[in-house]
Amino acid sequence: MLTIRHIRHWYEPRLPHVVFLDGFYAGMVGQDDCLLLDAPRGTYDLKVQFGSRVPLGKSGKSIDMSVSSTKQIEISGSVDVEYVFHDRERIWNILFDIDIIVWVVSWFVQMPPVYKILSDAFFAVWLVRLVLIRKSYS
């Protein structure tokens with residue numbers, strides 16, 4: 001038996017994560033943050049993925065906006081295997097959430113001009129990091 005568990009904080013939304021064994025769809029970690037699989041003995045490449053490719057117009061090009069983790073696991077008949085994953089970007093997510101809250105507040109309250117510059121710069125850095133650098137869970 002293979003158990004795949006998503007550890008998250010109370011403020012993180014319950015988003016679906018797709019699970020692949022050796023490149024084949026095995027199931028989704030959904031609302032209960034847990035997936036139980038009955039797999040035969042063997043060694044597998046386990047991949048947990050959130051997100052997908054985002055198309056860029058009609059040209060057929062796209063940007064990969066997925067975040068995934070791949071790990072090789074071994075399943076023996078007598079021992080249950082558990083794989084636990086979590087989002088390693090908690091600090092970035094907290095900062096981004098704070099920025100979104102302040103952005104909504106700025107609709108109703110006049111913010112200093114420096115806020116707009118800092119907020120836009122933070123968003124640009126976060127977006128570049130998301131698309132180009134960050135590609136895995138831990």
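- Taking every heavy atom of both residues into account, Leu35 and Met28 meet most closely at CD1-O, 3.7 Å.
- Contacts of Tyr115 classified as ring-ring contact (aromatic ring centres under 6.0 Å, His included), with partners at least two apart in sequence or in another chain: none.
- Closest non-hydrogen pair, Val29 versus Asp33, comes out as CG1-C, 3.5 Å.
- Note on Leu37: it does not cluster hydrophobically with Tyr25, by side-chain heavy-atom contacts below 4.5 Å among ILVMFWY residues.
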Run the side chain to side chain contact (heavy atoms under 4.5 Å, CB included) check on Leu21 and Leu46 step by step: do they pass?
CA-CA 5 Å; Leu21 282 178; Leu46 172 71; 3.7 Å; yes

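- Side chain of Asp22 to backbone of Asp45: a donor-acceptor contact under 3.5 angstrom is found.
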Taking it one step at a time, do Arg41 and Ile75 satisfy side chain to side chain contact (heavy atoms under 4.5 Å, CB included)?
CA-CA 5 Å; Arg41 291 182 190 205; Ile75 298 176; 5.5 Å; no

Side-chain donor-acceptor pairs of residues 98-106 under 3.5 Å, sequence neighbours excluded:
{"residue": "Asp99", "atom": "OD1", "partner": "Ser119", "partner atom": "OG", "Å": "3.0"}
{"residue": "Asp99", "atom": "OD2", "partner": "Ser119", "partner atom": "OG", "Å": "3.1"}
{"residue": "Ser106", "atom": "OG", "partner": "Trp103", "partner atom": "O", "Å": "2.5"}

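- Between Tyr83 and Val48 there is a side-chain heavy-atom pair separated by less than 4.5 Å.
- Thr3 is not listed as a side-chain neighbour of Asp80, based on a closest heavy-atom distance of 4.5 Å or more.
- Nearest heavy-atom pair across Val81 and Glu74 is CG2-O, 3.5 Å.
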